[in-house]
Undergrad: 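Quick one: this structure, given as structure tokens, is what I'll be asking you about.
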Amino acid sequence: MMIYEHIKTLLKSTLADVAKAEGWTLPAELPDFTVEAPRDTKHGDIATNLAMTLTKLIGKPPRAIADAMVAALKKDTSYTSVEVAGPGFINLRLASSIWQEQLKTILNAGTHYGDLNLGNHEKVVVEYVSANPTGPMHAGHVRGAVFGDALSNLMQKAGYDVTREYYFNDAGTQVDVLARTVHLRYREALGESIGEIPAGLYPGDYLKPVAEKLVARDGKKWQGKDEAEWLKPLREFAVAEMMQAIREDLNMIGIKHDVFSNERDVIENGTLDKVFKSLEDKGLIYVGTLPPPRGKEMEDWKPEPLTLFRSSQFGDSSDRSLKKRDGTWSYIMPDIAYHYTKIQRGFKLMINVLGADHGGYLERMRPAIAAISDGSAKLDVLFCQMVKVFNNGEAVKLSKRSGNIITLREMVEEVGADSVRFTILTRSFDSQFEFDFAKTKEQSRDNPVFYIQYAHARCYSVFRKAAELFPKADISVNTLSNLDLSLLTSEDDIALIRFLCNWPKMVEAAAQTREPHRISFYLYDLAALFHSFWNKGKDDAQLRFIIEDNLPLTMARLALLKGITTVIASGLAVIGVKPLEEMR
RNA sequence: GACCCCGUAGCUCAGCUGGAUAGAGCAAUUGCCUUCUAAGCAAUAGGUCGUACGUUCAAAUCGUAUCGGGGUCGCCA
């Protein structure tokens, strides 16, 4: 980024000079203009749209403004060419020495190259997965899980103090259903014939081992007893088991949360009562009746007085009920209390990664957070769109009810963690995508993630070869970063360095937009440049990395390779994929 | 009835805080392994960017309308 910011500053000062000479009046604050590497290298190293953004202000055609700028820029020797192109772009080419210096900067920074101070060490909590402990992780969870994890990596790289968090509901009806199903499986494990799993309980075999564990621990203790006796202990047992399984599943795909929070704690430690009372104290709670929901047929709907939160005072379309008809808390109240704990822990920025099926969540939670934080905390919710799962072209309906699921475990075992992560992270989170399990399995070897890993491995292969051919040469990073790199002059050398210099800008853009997939595409393009360079060495010996009779050039090329592996490795770290040193 | 996301090559998707001839992978066709790993490279073919207006020096990108697909609108989570 250094280089682009530097050029931008230079352009501004040149513009000021030109404006003076030409008699243009400029505003104190210039319109925002770009300084970036153009897509097509024919357009130079760096292009700016500066002239075009000034047409209105100055009242002259863009090319005329550009021409005046070019005349002034040509006096600066750090540009080897300056020209006007297209509708009024100014294209600059920089002296090779500038790029060679940039490569040194990269080597000195190592994998910290691209680290930013965008977040200024601000504390941010990223909550993701947060699946309730009623079943194993399945394909529907994977997208949010991987996305949230990569986003956390990205925010960290951009200079935020990130906490990865998982929140689960262990106090509602779902976990009661879980406990009942476990009890049934428990009776089965003890030899009873249970027949089909009744509707309303969880089908699927995944609770069998849990039941067996329970038998091993408690024997026949709960057989033939009333639900009132076993519900609570079995619930606790089952929740602990499921959470353990979930952690193991997530681990398979490289995900580890820093903090696990749960609904029961929030209720039992008094946080919920405290938060509710503070809402009451603020005059935001009343008893009233809500209109029936629109656009949806509600057979069992009856107007009844409920405990309501004045959500509409904070921009919500309606007030919200905090208690159910039966007097128990509705899901939103523990959630509000949970978010209060985040605020208490010092987070002013909270990011929640949710599935698109939680569409109304933000509209409800934002007002609540505004109320409990008095407007000082901010909630961002990123909705990952649905994943449509196919198996060889046939749609797979994921449903716990029918037991028809593709588990995370199956995905990782069949396709591989790296491929799964990369596939997910080459999509923008807000567009739905189709995941064909069978096809992905079949094509797993074609997954673009290997293309990037292969580039990394090839670089390492050259280093191994160099060590063999030049046993006396010191090819450590320290030495490489202090070399004279003036031998790196070919178009391909410079093109690669130039591309490496885009890395910090990529991190910045990806972090600002919360779009880790940009990193994947950048890495792919970098790998493509590298592979292309590699193959040129077959036609032109001077473009090989190792040139046996030219140690100085070889050393300079090794420095370039080091720059490439450095950026690939730090990019893959964001994606959460291993940078391999060898692939055979 | 209201709100959110998407519509780009045969398929899966990038590009969208406006910029130069619209990109990649897969699938198709053709070349390249005595030389640093062919999980690679080079080339060919493939698109009215859903549609229509509008804003702009400039629109796949922004706005309005419309069609199509998905999601949400609860005291469920």
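Residue numbering restarts at 1 for every chain, and letters A, B, ... go by the order of the sequence lines.
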Undergrad: Treat primed atoms plus P, OP1 and OP2 as sugar-phosphate and everything else as base, then score nucleotides 15-20 of chain B 5' to 3': B for base contact with protein heavy atoms under 4.0 Å, S for sugar-phosphate contact only, - for none.
TA: S---BB
Undergrad: Suppose you measure atom C1' in B:rG46 against the same atom in B:rG10; what distance do you get, rounded to whole Å?
TA: 8 Å
Undergrad: Could you tell me whether B:rC33 is syn or anti, where syn means a glycosidic angle within 90 degrees of zero?
TA: syn
Undergrad: Rounded to whole angstrom units, what separation is found between the CD atom of A:Glu468 and the C1' atom of B:rU35?
TA: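 So the two atoms are 14 Å apart, to the nearest Å.
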Undergrad: Which dot-bracket string fits RNA chain B when only Watson-Crick or G-U wobble pairs with both atom distances under 3.5 Å count, crossing pairs get [ ], and | stands for a partner on a different strand?
TA: (((((((..((((.....[...)))).(((((.......))))).....(((((..]....))))))))))))....
Undergrad: Run the side-chain hydrogen bond (donor to acceptor under 3.5 Å, both in side chains) test on A:Glu263 and A:Asn169 for me, step by step, so that the C-alpha distance in whole Å, both residues' side-chain angles and the decisive distance to 0.1 Å come before the verdict.
TA: CA-CA 5 Å; A:Glu263 184 182 11; A:Asn169 299 106; 3.1 Å; yes
Undergrad: What nucleotide, of B:rU12, B:rA77, B:rC75, holds the atom closest to the side chain of A:Arg427?
TA: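 So the side chain of A:Arg427 is nearest to B:rU12.
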Undergrad: Ring-plane angle category for A:Trp534 and A:Phe545, please: parallel below 30°, perpendicular beyond 60°, tilted otherwise.
TA: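 The arrangement is tilted - the two ring planes meet at 30° to 60°.
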Undergrad: Tell me: CZ of A:Arg320 to C1' of B:rA77, nearest whole Å?
TA: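 Result: 14 Å.
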Undergrad: When all nucleic acid strands are considered with a 4.0 Å heavy-atom cut-off, which category describes A:Gln443: base, sugar-phosphate, or nothing?
TA: sugar-phosphate
Undergrad: Using atom C1' of each nucleotide, how far apart are B:rU72 and B:rA9 to the nearest Å?
TA: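 Between the two C1' atoms, the distance is 33 Å.
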Undergrad: With a cut-off of less than 4.0 Å, is there a side-chain N or O of A:Ser431 near OP1 or OP2 of B:rA14?
TA: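 So the side chain of A:Ser431 is within the cut-off, an N or O lying under 4.0 Å from OP1 or OP2 of B:rA14.
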Undergrad: May I ask you to say whether A:Arg366 pairs ionically with A:Asp380, meaning some side-chain N is under 4.0 Å from a carboxylate O?
TA: yes
Undergrad: Angle class for the A:Phe314/A:Phe309 ring planes (parallel below 30°, perpendicular above 60°, tilted otherwise)?
TA: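 Parallel, since the angle between the ring planes stays under 30°.
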Undergrad: Using a heavy-atom cut-off of 4.0 Å across all strands, would you classify A:Phe463 as base, sugar-phosphate, or nothing?
TA: nothing
Undergrad: State whether A:Lys505 and A:Glu36 are salt-bridged, where the test is any N-O pair (Lys NZ or Arg NE/NH1/NH2 against Asp/Glu carboxylate O) under 4.0 Å.
TA: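 No, no charged N to carboxylate O under 4.0 Å.
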Undergrad: Calculate the interatomic distance between A:Phe435 atom CZ and B:rG70 atom P; express it in whole Å.
TA: 21 Å
Undergrad: Could you check whether A:Tyr524 and A:Tyr451 have their ring centres less than 6.0 Å apart?
TA: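 A:Tyr451 vs A:Tyr524: aromatic centres under 6.0 Å.
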Undergrad: What integer distance in Å separates A:Arg366:CZ from B:rU72:C1'?
TA: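 In whole Å, B:rU72 C1' and A:Arg366 CZ are 16 Å from each other.
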Undergrad: Nearest-Å distance, NZ (A:Lys324) to P (B:rC75)?
TA: 11 Å
Undergrad: Does A:Lys324 make a cation-pi contact with A:Trp329, if we ask for NZ or CZ under 6.0 Å from the ring centre and within 45° of the axis?
TA: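 Not flagged: A:Lys324 not positioned over aromatic ring of A:Trp329.
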Undergrad: Check this for me: A:Glu491, atom CD, are more than 12 non-hydrogen atoms of other residues, nucleotides or ligands nearer than 6.0 Å?
TA: no
Undergrad: A:Tyr331 side chain: which of B:rU72, B:rG69, B:rA77 is closest?
TA: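 Among B:rU72, B:rG69, B:rA77, the one nearest the side chain of A:Tyr331 is B:rA77.
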Undergrad: Looking across every strand, which nucleic acid part, if any, lies under 4.0 Å from A:Lys538 by heavy atom: base, sugar-phosphate, or nothing?
TA: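 A:Lys538: base contact, heavy atoms under 4.0 Å.
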Undergrad: For A:Tyr524, report the nucleic acid contact type (base, sugar-phosphate, nothing); a contact means any heavy atom under 4.0 Å.
TA: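 If one applies the 4.0 Å heavy-atom cut-off, A:Tyr524 turns out to touch the sugar-phosphate alone, with no base involved.
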Undergrad: If I pick the C1' atom on B:rU30 and the same atom on B:rC13, what distance separates them, to the nearest angstrom?
TA: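 So the two C1' atoms sit 26 Å from each other.
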Undergrad: Taking only the side-chain heavy atoms of A:Arg544 (C-beta and beyond), determine which of B:rC75, B:rC41, B:rU35 contains the nearest atom.
TA: B:rU35
Undergrad: Could you check whether A:Phe545 gets within reach of a base, just the sugar-phosphate, or nothing at all, counting any heavy atom under 4.0 Å?
TA: base
Undergrad: Provide the distance between the two C1' atoms, one in B:rA39 and one in B:rC26, to the nearest whole Å.
TA: 15 Å
Undergrad: Given B:rC26, B:rA38, B:rC73, identify the nucleotide with an atom nearest to the side chain of A:Arg458.
TA: B:rA38
Undergrad: Taking the P atom of each, how far is B:rC53 from B:rC49, in whole Å?
TA: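 Looking at atom P only, B:rC53 and B:rC49 are 13 Å apart.
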Undergrad: If the C1' atom of B:rC5 is compared with that of B:rG47, how far apart are they to the nearest Å?
TA: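 Comparing C1' positions in B:rC5 and B:rG47 gives a spacing of 24 Å.
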Undergrad: Rounded to whole Å, please give me the gap between OH in A:Tyr361 and P in B:rC76.
TA: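 Whole-Å distance recorded here is 13 Å.
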Undergrad: B:rU29 and B:rU34: how far apart are their C1' atoms, nearest whole angstrom?
TA: 29 Å
Undergrad: Students often get this wrong, so: under 4.0 angstrom with heavy atoms, is A:Leu290 touching a base, only sugar-phosphate, or nothing?
TA: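 Answer is sugar-phosphate: A:Leu290 comes under 4.0 Å of backbone atoms only.
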Undergrad: When the nearest nucleotide of RNA chain B is assigned to A:Asn169 and to A:Tyr451 on a heavy-atom basis, which residue is associated with the more 5' position?
TA: A:Tyr451
Undergrad: Parallel, tilted or perpendicular: which describes the rings of A:His456 and A:Tyr460, with under 30° parallel and over 60° perpendicular?
TA: tilted
Undergrad: Reckon A:Trp329 has a side-chain N or O less than 4.0 Å from the OP1 or OP2 of B:rC75?
TA: no
Undergrad: For the residue pair A:Phe435 and A:Phe437, does the interplanar ring angle fall in the parallel (under 30°), tilted (30 to 60°) or perpendicular (over 60°) class?
TA: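 Tilted.
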Undergrad: To the nearest angstrom, how far is A:His358 atom NE2 from B:rG71 atom P?
TA: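 That distance rounds to 15 Å.
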Undergrad: Take atom CG of A:Asp436 and atom P of B:rU12, then tell me their distance rounded to the nearest Å.
TA: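 A:Asp436 atom CG is separated from B:rU12 atom P by 10 Å.
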Undergrad: Base, sugar-phosphate or nothing for A:Thr173? Non-hydrogen atoms, less than 4.0 Å.
TA: sugar-phosphate
Undergrad: Would one find a side-chain N or O of A:Ser532 under 4.0 angstrom from OP1 or OP2 of B:rA42?
TA: yes
Undergrad: At 4.0 Å (heavy atoms only), tell me whether A:Ala457 reaches a base, stays on the sugar-phosphate, or touches nothing.
TA: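 Touches a base.
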Undergrad: What residues, two or more places apart in sequence or in another chain, satisfy side-chain hydrogen bond (donor to acceptor under 3.5 Å, both in side chains) together with A:Glu165?
TA: A:Ser261, A:Tyr338, A:Arg345
Undergrad: Which part of the nucleic acid, if any, lies within reach of A:Arg364 when heavy atoms closer than 4.0 Å are counted: base, sugar-phosphate only, or nothing?
TA: base
Undergrad: May I ask you to check if A:Arg445 and A:Phe450 form a cation-pi contact, with NZ or CZ under 6.0 angstrom from the six-membered ring centre and within 45° of the axis?
TA: no
Undergrad: For atom C1', what is the distance between B:rC62 and B:rA2, given to the nearest Å?
TA: 24 Å
